[in-house]
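Here's the structure, in structure tokens; my notes come after.
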Amino acid sequence: MGLGRFFTLFTAVIMPLGSVLASEEVGHSEHSSAPVEHVADEHATDEAHAPKEEGFNPNELIMHHIADSHGWHILDWDGHAVSLPLPVILWTNDGLVVFSSSEFHHDTEGHHVVNAGGQQFVNKHEKIYYAGTEDKPLDFSITKNVLSLIMGAVLIVLIFLSAARFYAKNTNKAPRGLASFVEPLILFVRDDIARGAIPEKHLNRFVPYLLTLFFFIWVNNLLGLVPFFPGGANLTGNIAVTLVLAAFTLIITNVNGTKDYWMHIVWMPGVPTPLKPILALIELIGVFTKPFSLMIRLFANITAGHILVLSLVSLIFIFESVWISPGSIVLTLFISTLELLVAALQAYVFTMLTAMSFGAAVEEHHHDDHAHAEGHH
Amino acid sequence: MTGSIAAIGAGLAVIGVGLGIGRIGGQAMDAIARQPEASGKIQTAMLISAAFIEGVGLFGVVVSLLK
Amino acid sequence: MDLVTPGLGLIVWTTIVFLILVFLLGKFAWKPILSAVQAREEAIDQALKQAESARAEMGKLQASNEQLLKQAREEREAIVKEGRAMRDAMVAEAKESASVEAAKILESARTQIHQEKMAAVTELKNQVAQLAVDMAEKVLRAELAQPEVAKANIDRDLKDLNLN
């Protein structure tokens, strides 16, 4: 299909580029790691003044963007940060405490003490501490990423429930409107991702989950690429989100694992007996490394994309020259376009590998020796 | 520019990954040129193997992120 | 580092939201959409199959029509051939019987003619004999009336006889 051709055309470009993006990230994280401790925190208050005062530090801006935060910083207006206050929800030693993030007054240095529920809290580097201690309450705040997550989820539900309404009203008609937009995507997931990986008998069991997974990742990737308020959160580039998604893959795969699947892990058939324990060890590690690489892949790709775009925009401020802006804009446009593709590609790869994992779990192979060597790449 | 030795390691990992994925892409192009009717299957296999190799590179990157 | 340390809050929220999404979409979006798509695919499949079978039926009908036509043509030809054969046979028979009849008539005519001829010949013979007798009687009478002539004739005859 068209999408497939699109992928072919660009994969040779993107995959190495993905690695380049990643290496870019290394550079930034390397020299950001030391200063970020004390610089990034001032960011929310100081960002507006930063260029005037002490020169512009792109690491600070980038790290602030990449990380999660308790308030959603929308823009700076006339030297003041305009941000959306979000609820801070804490599970303390004395129970649940809720207050607005605006009570920190943009302080992330731990100076401003908030009194709530008879306790005192400070915000240090976007982590909430009991004031004056190094102890942290459990933090279930609706942060920027959580809000983005909820908005993304609402968007997905709106799109697909309204598309589903078309099918409820019209049977056996060609799709129109929203349905005609989402149907090829749904069929792409079902036929090009799931069908090749999962045996036909088990297909219907897994397709709904794979569809949810694919659109969840894709829509949130795209929302992350929107450069202004309702988007722009680095949600799918946050390791917690990718951790949860990878954990779901791990759990569903192993819960559905057949006897055949477990036999292949703990006592590989068709291999000389002395090798079997060694293979079992490798396979057992493999059970965890596969979802782990899923987690890292999505996280690193999306984070690297955000870092690259922000770095290119930062060029203007680094050189403090308006003449840099055309080049910066062209490069940003180019990378952003590429990131649109990466957003779809990473959703595809994550879903594809998850589908293959499910497929391997439920597959009953009547294998001879070399068939299974192929089955375990 | 400050940095740690891990960054060099990550860079080395990325070189390997770049070469590997470049090779996959090139070979896939070759294969598609030779058998255009099998392009769908080749694409899938290509993306998957590229994703696996890329995963190795990303491990290197994450090591450097770990500080 | 911070970047690769997952935060508990986001883990919990992602799990909750993602599970809700899986449930909501699974029940209210994927199920109706996938079943509708599958139903449509099946309907299209069935329609195609029906069209195919209709076409096959049509083809079969056409073939049988042709078969019928061919059969009719063959039958007609057979009938015509049979008629022709019958006509030929009849003509031949008629010819045969006619020629037989003709031969019969001819034969009887021939016998009759023969008989008539024989009768005529017999009568002619009788008349000639009578005439000869009469003539002989008249000659004899004339001869006998002129003995020298008779004698001369007899001599000449004798002469002739001697020559023989």
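Convention: sequence-line order gives letters A, B, ...; per-chain numbering from 1.
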Inset, instruction - Kindly determine whether A:Val157 and C:Leu21 satisfy side-chain contact (heavy atoms from CB on, under 4.5 Å), including the steps that lead there. - result: CA-CA 7 Å; A:Val157 166; C:Leu21 260 189; 3.5 Å; yes
Inset, instruction - Take C:Leu8 and A:Trp91 through the side-chain contact (heavy atoms from CB on, under 4.5 Å) test and state the conclusion after the steps. - result: CA-CA 12 Å; C:Leu8 178 68; A:Trp91 183 256; over 6 Å; no
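- With C:Trp13 contributing its side chain and A:Phe140 its backbone, the two residues share a donor-acceptor pair below 3.5 Å.
- Using a 4.5 Å cut-off between heavy atoms, C:Ile33 touches chain A through backbone and side chain atoms alike.
- Top candidate by heavy-atom pairs under 4.5 Å with chain C, chosen from A:Leu213, A:Leu235, A:Thr242, is A:Leu213.
- Relative orientation of the C:Phe18 and A:Phe248 rings is tilted, given thresholds of 30° and 60° on the angle between their planes.
- Between the OG1 atom of A:Thr143 and the CG atom of C:Leu10 there is a distance of 5.5 Å, given to the nearest 0.5 Å.
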Inset, instruction - Just do the side-chain contact (heavy atoms from CB on, under 4.5 Å) check on C:Phe28 and A:Phe160 with the steps written out, would you? - result: CA-CA 9 Å; C:Phe28 299 113; A:Phe160 289 102; over 6 Å; no
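- The CD atom of C:Gln38 sits 6.5 Å away from the CZ atom of A:Arg190 when rounded to the nearest 0.5 Å.
- In this structure, the separation between OG1 on C:Thr14 and CG on A:Leu243 is 9.0 Å, given to the nearest 0.5 Å.
- At a 4.5 Å heavy-atom cutoff, the contact between C:Val22 and chain A is made by backbone and side-chain atoms alike.
- Interface check for chain C: of the options A:Ile186, A:Ile150, A:Ile89, the most heavy-atom pairs under 4.5 Å are formed by A:Ile186.
- Contact of A:Ile159 with chain C is not made at all, since no heavy-atom distance falls under 4.5 Å.
- Only the side chain of A:Val244 comes within less than 4.5 Å of a heavy atom of chain C; its backbone N, CA, C and O stay farther away.
- In this structure, the side chains of C:Leu25 and A:Leu211 stay at 4.5 Å or more apart for every pair of heavy atoms.
- In this structure, chain A has a heavy atom under 4.5 Å from the side chain of C:Glu41, while its backbone stays farther away.
- In this structure, C:Leu34 CG and A:Leu203 CG are separated by 9.0 Å, a value rounded to the nearest 0.5 Å.
- Taking A:Glu183, A:Arg165, A:Lys127 one by one and counting their heavy-atom pairs under 4.5 Å with chain C, the maximum is reached by A:Glu183.
- Expressed to the nearest 0.5 Å, how far CG of C:Leu19 lies from OG1 of A:Thr212 amounts to 10.5 Å.
- The neighbour count for C:Glu82 CD, taken as heavy atoms of other residues, nucleotides or ligands under 6.0 Å away, does not exceed 12.
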Inset, instruction - Give the C-alpha distance, both sets of side-chain angles, the deciding distance and a yes or no for side-chain contact (heavy atoms from CB on, under 4.5 Å) between C:Trp30 and A:Val207. - result: CA-CA 9 Å; C:Trp30 308 137; A:Val207 163; over 6 Å; no
